[in-house]
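I have placed the structure first, in the form of structure tokens, so that the comments after it can refer back to it.
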Amino acid sequence: MSTPTSRKSAPKAAYRCAECGWTTTKWVGRCGECQAWGTVEDAAAVPVRTTVAGPVTTAALPILEVDAQLAQARPTGVSEFDRVLGGGLVPGVVVLVAGEPGIGKSTLLLDVCGREGRAGRRVLYVTGEESAAQVRLRGERIEALARTLYLAAETDLAAVLGHIDQVQPDLLVIDSVQTIGSAQVDGAAGNVAQVREVAAALIAVAKARGIATLLVGHVTKDGSIAGPRVLEHLVDVVIQFEGERHSRLRLVRAVKNRYGPTDEVGCFDLSDVGITGLADPSGLFLSSGGADAHEQVPGTCVTVTLEGRRPLLAEVQALVAPSVLPSPRRATSGLDGSRVSMLMAVLERRARVTLRNADIYVSTVGGVRVSEPATDLAVALAVAGAANDRALVPRTVAFGEVGLAGEIRPVSGVPRRLSEAARLGFTAAIVPPGSAGNGALPDGLRIIEVPDLATAVRLAMTRSV
């Protein structure tokens, strides 16, 4: 008589998501936790283990006895970078800097390393993509040389840890984390397991020795950070570089920050001599003359957008030309195309601006990308002015969200927007209803509250403003 086989003795096949670690007993095309497609892979079932209590490395202290000075940030010397970090670098902080190739990540971090080195701190710059000579040439070009700045071209994790033991740096830069591999993990450098292992080892060293660490990360085609999503959870700060390849402007914003706010934005100018911070970048987004232009061109309107907590003036330009095509063209640059199409429909239906038989092109000045709904009113006024071939009243800004019914909705940060407009010489502002009672108003700036888009179009192109 045969003995029945126990089902518990046979191991069950398990499938695990390479992004977040979610497990399931059968294969699925989409992860049930992070909703990523094609990341569920076959993996052996993980046996359940019980961890027993062991010796502690550091005794627990009452919160009042913890030294808060250990978490004080030190400035890097790059004011715009310090603004995004929340004051500077904290000892032991791990920062992930992500962005598209050629956007300026390595240039900015090398500038930070040079300033830290000239301040007397020991800095180790590990490059896995370039040779040490190439980094030296870039350092000469941007004047980032220092005697205490050490360069190492390595792609092996063990060698990187050896350099850390030898140099004992105060600041460590890894460019990039996807190029470093570990011999203890199967697969080529850059895969999910390798990135997870390398990041975990570097974070452990940074926390144990109080080394401020900057990790450069690659991005995918859709702009998200490459590698496992757990990488973003392990680090303390995640910084994203933004900007058009053919534009000099670079925006740096913190997606995650354990030591400061995530609503600050740093503005940089990338040129042949390096990358420099822009404390007042509004001039880059205005055409020649700005508020002092003697002649206003039809189809232009200046708005005030908020990047984090920083108000920036941006100019929207529109061109409306008769079309000979059955389906007129609609092209945008620096704006959301679907939202611009919606504003054109509202203009034609609510403000009686004829656009159905015209090619329409809408763009921003300076290569800046504007996605805030508060810029709706400026876009609509620029298109209306181009369609009627009438210029808006000079020295006028406009901001407000436009609804499908043609109403102008309130927006946040009105006092900061108005103060920035007044500082740059504008004398009138077309704003949503109720904005005049939202905080102190700057002197010399006339506030015109408009309830709907039709009223705004009529006022903006007449001298009644």
Side-chain angles (χ1 to χ4, degrees), residues 67-97 99 104-127 130 132-154 160-161 163-177 202-203 205-216 235-239 241 250 252 254 257-261 264-271 273-279:
D67 187 6
Q69 297 296 325
L70 299 177
Q72 293 294 327
R74 67 169 186 265
T76 63
V78 183
S79 58
E80 292 297 304
F81 193 53
D82 292 338
R83 175 198 293 268
V84 178
L85 291 174
L89 292 172
V90 177
V93 66
V94 180
V95 182
L96 178 62
V97 183
K105 304 184 298 297
S106 301
T107 303
L108 175 61
L109 296 187
L110 187 58
D111 185 24
V112 172
C113 290
R115 294 174 184 270
E116 289 281 293
R118 289 192 293 271
R121 302 185 181 94
R122 299 174 71 86
V123 182
L124 176 59
Y125 190 104
V126 180
T127 173
E130 301 174 291
Q134 289 175 310
V135 179
R136 163 66 190 267
L137 291 177
R138 185 188 299 118
E140 290 181 349
R141 178 169 53 86
I142 66 175
E143 299 180 355
L145 302 181
R147 289 190 175 275
T148 57
L149 172 57
Y150 296 84
L151 300 180
E154 294 287 354
V160 173
L161 297 178
H163 283 294
I164 296 175
D165 290 336
Q166 180 182 4
V167 177
Q168 297 291 324
D170 299 307
L171 173 62
L172 172 65
V173 176
I174 305 295
D175 187 9
S176 64
V177 68
L202 294 174
I203 290 172
V205 171
K207 298 299 182 183
R209 305 185 185 184
I211 304 173
T213 303
L214 302 175
L215 306 177
V216 177
V235 300
D236 300 309
V237 183
V238 179
I239 290 179
F241 261 78
R250 298 292 185 266
V252 179
N257 194 349
R258 291 174 178 168
Y259 300 100
E264 284 287 2
V265 176
C267 298
F268 293 88
D269 181 18
L270 182 64
S271 62
V273 296
I275 187 168
T276 57
L278 295 174

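Starting from 1, each residue takes its place in the sequence as its number. Nothing here was measured: the structure is a model prediction, and the numbers come from that model.
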Practice problem: Report the distance from atom CG of Leu151 to atom CD of Gln134, rounding to the nearest 0.5 Å. | Solution: 11.5 Å
Quiz item: Does the side chain of Thr276 pick up a donor-acceptor pair with the side chain of Asp269 at under 3.5 Å?
Solution: no
Quiz prompt | Main-chain N/O of Arg121 paired with Thr148 side-chain donor or acceptor, under 3.5 Å | solution = yes
Quiz item: Looking at CG of Leu171 and CG of Leu214, how far apart are the two atoms once the value is rounded to the nearest 0.5 Å?
Solution: 5.0 Å
Quiz prompt | Rounded distance (nearest 0.5 Å) linking atom NZ of Lys207 with atom CG of Asp236 | solution = 3.0 Å
Quiz prompt | Atom of Leu124, atom of Ala152 and distance for their closest heavy-atom approach | solution = CD1-CB, 4.4 Å
Practice problem: Would you give the length of the straight line joining atom CD1 of Ile275 to atom CG of Asp111, rounded to the nearest 0.5 angstrom? | Solution: 8.0 Å
Quiz item: Take atom CZ in Arg74; do more than 12 heavy atoms of anything else shown fall under 6.0 Å from it?
Solution: yes
Quiz item: If you look at every heavy atom in Val216 and Lys105, which pair is closest and at what distance?
Solution: CG1-CE, 3.5 Å
Quiz prompt | Atom pair CG (Asp170) and CZ (Arg122), whose distance is rounded to the nearest 0.5 Å | solution = 8.0 Å
Quiz prompt | Nearest heavy atoms of Val235 and Leu215, plus distance in Å | solution = CG1-CD1, 4.4 Å
Exercise. To the nearest 0.5 Å, tell me how far Leu145 CG sits from Arg118 CZ.
Key: 8.0 Å
